Asks: 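Before we start, here is the structure in question, set down as structure tokens.
Predicted, not measured: the structure shown is a model, and the values here were computed from it. The chain is numbered in sequence order, starting from 1.
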Amino acid sequence: MQTPTKTAYLAAELRLPTNWLDYTILGIYFVVVLGIGFAARRSVKTSLDFFLSGRSLPAWITGLAFISANLAATEILGMAANSAQYGAYTVHWYWIGAIPAMVFLGLVMMPFYYGSKVRSVPEMLLLRFDKWAHLLSSALFAFAAILIAGVNLYALAIVVEALLGWPQWVAIVVAGAFVLAYITLGGLSSAIYNEVLQFFVILAALIPLVVLGLKKVGGWDGLTDRLTAEHGANFTTAWGGTGIGSANPLGANWLTIVLGLGFVLSFGYWTTNFAEVQRALSAKNLSAAQRTPLIAAFPKIFIVFLVMIPGLTAAALIPGFGTSDSGYQYNDAIPYLMEQLLPNGVLGIAVTGLLAAFMAGMAANVSSFNTVFTNDIWGRYVEKGRDDAYYVRFGRLITVIGVCASVGTAFLASSFSNIMSYLQTLFSFFNVPMFVVFIVGMFWKRASVKSGFWGLLAGTVAAMVNYFWIYKQGIIDIPSDQGANFVSAIVGFVAGAVVMVAVSLFTAPKPAEELQGLVYGTTSPGMSEPPAAGDDAWYRRPALLGWGAIVLAAACYIPFSF
């Protein structure tokens, strides 16, 4: 792990030559964001409106919001950093580490989530298991959401200070205040409509970097020639050097990539991360909810090029990029290219896109945090049975608290030169154990009421022990942080599954009549609702969309496999 470069040094080396035009573009964006918040406020009349947009949004809106919530600054900076550090192996996080899980969420899990009318992912564990599994999952998710929101704030602070010269505290306060304002005003609807806007702003920021970066290095051939000469042939392939026992920049073999990333981490994130699932739960009907992650899967397939190519370009332009000798962190790939390549005006769009990405990621985590804390913790165990207006007021209050807490967690990310490694570490701790509880509970009727709590606890503890003791203390030699994350995810999954099976064998299962709509092979009335008018068109068929996304993602591997 590289030692982070000091922010003051970054500010001196990467300061952008911004002018009035760039700041005008940025100012217009902030005005539009607040305008959307005020407009959405008129639609908030009940707690369902505030936390789930009244379950009224069309699939294309929720689909774009779904991918935008994921396309946060941590995704942009982190995946560009991944590419500068590990090369073309970054494609695995998209084509095997996202698409299959997104399709599984849409085709298999959304009928359970949406059909049961739950307001959150942890609430499903209350229905399938008991209050202890529900309370533990709610607490773990709320804690993780604040940590991840803090990552976005930290990343924003170091980048804005470096690029614009704003002090860190100013960047944190400004971004936090705007996110707080539009979520507090309009709830989830405000967050979702802003995420749709942010999606297009982010694309407008990344596309010029890709085009100008490739031009700078002599096109794709020039890029691969430079990288091959500097890092070896495996740096520009997806599977080169991933044989068991082989060395490669990622520090992982094909088995840990497929199982650790492609199954455990990927499915753990996409199927149980409420910051994403919440967007699908706000859809107007079951068909729209199923299509939400499937619509998002198609841009996800191609977004990898917009974040990978800038990272590869930075690695090609500066030998040893990311090492102490170069003077840059891996996280500096995007800021470095912005400073080197973009003219004024385009620079303003890029800065706006970067800030939009920060706010999209933070808003997704804050809006999911306020929903889980209000409904699953406060409303379920502290203040039960209050009137609906009370929970709307409390939701707004806990949003303020959540943003303030995110400021406090922002600097926990400062020990990682690659913030994507930090995020993957959090996912292995919190998302993977929840996934194993879901998957065992959903496909095994015999899984007992008590097994949910103990499986979740065992999986979380096992993943942490593997990372902090076995990896960090050097008990077993794992070549990289990312390799350790893959192993931690596998360990957490196996530990959670084994404990669930063991506990289930000695404790009573849930009565069969209470498992309707909660276990695969059973249905509930909400899961069998008739399709809405027009939902039978081919482009609205979830199965066709899902299999189409998988085939397209698989085809994209072909040019990177040789």
Asks: So Ile295 and Ile67, side chain to side chain contact (heavy atoms under 4.5 Å, CB included) or not? Walk me through it.
Replies: CA-CA 9 Å; Ile295 290 171; Ile67 193 62; over 6 Å; no
Asks: Check whether the side chains of Asn370 and Thr399 place a donor and an acceptor atom closer than 3.5 Å, and report yes or no.
Replies: yes
Asks: Quick check: do Tyr94 and Val307 have side-chain heavy atoms less than 4.5 Å from each other?
Replies: yes
Asks: Could you measure the distance from the CD1 atom of Ile257 to the CG atom of Leu265? Nearest 0.5 Å is fine.
Replies: 12.0 Å
Asks: Given side chains that start at C-beta, do those of Tyr467 and Val491 come closer than 4.5 Å, heavy atoms only?
Replies: no
Asks: Kindly compute the distance separating CG (Leu197) from CD1 (Ile202), expressed to the nearest 0.5 Å.
Replies: 9.5 Å
Asks: Tell me, with the steps shown, if Ile401 and Ile398 meet side chain to side chain contact (heavy atoms under 4.5 Å, CB included).
Replies: CA-CA 5 Å; Ile401 295 173; Ile398 204 64; 3.9 Å; yes
Asks: Could you walk me through whether Phe438 and Phe267 pass the ring pair (Phe, Tyr, Trp, His ring centres under 6.0 Å) test, one step at a time?
Replies: CA-CA 11 Å; Phe438 265 93; Phe267 279 67; over 10 Å; no
Asks: Closest approach of Val196 and Ala65, non-hydrogen atoms and distance?
Replies: CG2-N, 4.2 Å
Asks: Nearest 0.5 angstrom please: Thr371 OG1 to Leu281 CG, how far?
Replies: 9.5 Å
Asks: Do the two ring centres, one from Phe104 and one from Trp270, sit under 6.0 Å apart?
Replies: no
Asks: Would you indicate whether the side-chain heavy atoms of Leu105 and Met110 approach each other to under 4.5 Å?
Replies: yes
Asks: If a pair satisfies side-chain hydrogen bond (donor to acceptor under 3.5 Å, both in side chains) and one of its residues is in residues 28-37, list it, with sequence neighbours excluded.
Replies: Tyr29-Gln198
Asks: Just how far is it from atom CG of Leu107 to atom CG of Leu545, taken to the nearest 0.5 Å?
Replies: 9.0 Å
Asks: Got a donor-acceptor contact below 3.5 angstrom from the His92 side chain to the Ala238 backbone?
Replies: yes
Asks: Looking at every heavy atom in both Ser428 and Ala463, which two are closest together, and how far apart are they?
Replies: O-CB, 3.4 Å
Asks: Measure the acute angle between the ring planes of Phe468 and Phe429, then classify it against the limits of 30° and 60° as parallel, tilted or perpendicular.
Replies: tilted
Asks: What residue among Phe560, Tyr89, Trp239, Phe302 forms ring-ring contact (aromatic ring centres under 6.0 Å, His included) with Trp95?
Replies: Phe560
Asks: Any idea which heavy atoms bring Asp376 and Ser120 closest together, and the distance?
Replies: OD2-OG, 2.6 Å
Asks: Does the side chain to side chain contact (heavy atoms under 4.5 Å, CB included) test come out yes or no for Leu209 and Met338, once each step is laid out?
Replies: CA-CA 7 Å; Leu209 279 182; Met338 289 171 63; 4.0 Å; yes
Asks: Any side-chain donor-acceptor pair under 3.5 Å between Tyr114 and Gln290?
Replies: no
Asks: Report the C-alpha separation of Tyr269 and Met434 in whole Å, then their side-chain angles, then the decisive distance to 0.1 Å, and conclude whether the side chain to side chain contact (heavy atoms under 4.5 Å, CB included) test is met.
Replies: CA-CA 9 Å; Tyr269 174 80; Met434 190 178 296; over 6 Å; no
Asks: Just how far is it from atom CD1 of Ile303 to atom CE of Met308, taken to the nearest 0.5 Å?
Replies: 13.5 Å
Asks: Is there a side-chain contact between Phe274 and Tyr113, using heavy atoms and a 4.5 Å cut-off?
Replies: no
Asks: When rounded to the nearest 0.5 angstrom, what distance separates CD1 in Ile550 from CE in Met102?
Replies: 11.5 Å
Asks: Answer yes or no: is there a side-chain heavy-atom contact under 4.5 Å between Leu317 and Leu337?
Replies: yes
Asks: Answer yes if the ring centres of Tyr330 and Tyr86 are under 6.0 angstrom apart, and no otherwise.
Replies: no
Asks: Over all heavy atoms of both residues, which pair between Thr236 and Leu227 is shortest? Give the atoms and the distance, please.
Replies: CG2-CB, 3.9 Å
Asks: Kindly indicate whether the side chain of Phe486, heavy atoms from C-beta on, has any atom under 4.5 Å from the side chain of Leu259.
Replies: no
Asks: Side chains of Thr62 and Ser282: any donor to acceptor distance under 3.5 Å?
Replies: no
Asks: If you draw a 6.0 Å radius around CZ in Phe30, do more than 12 non-hydrogen atoms from other residues or ligands fall strictly inside?
Replies: yes
Asks: Testing the basics here: between Asn365 and Ala275, what is the closest heavy-atom pair and its distance to 0.1 Å?
Replies: OD1-CB, 4.2 Å
Asks: Taking all non-hydrogen atoms of both residues into account, name the closest pair between Arg291 and Pro542 and its distance.
Replies: CG-CG, 4.2 Å
Asks: For Glu195, is there any backbone N or O sitting under 3.5 Å from a side-chain donor or acceptor partner on Ser68?
Replies: yes
Asks: Is there side-chain contact between Lys300 and Asn70, with heavy atoms separated by less than 4.5 Å?
Replies: yes
Asks: Contact between Arg279 and Ile192 at the side-chain level, heavy atoms closer than 4.5 Å - yes or no?
Replies: yes
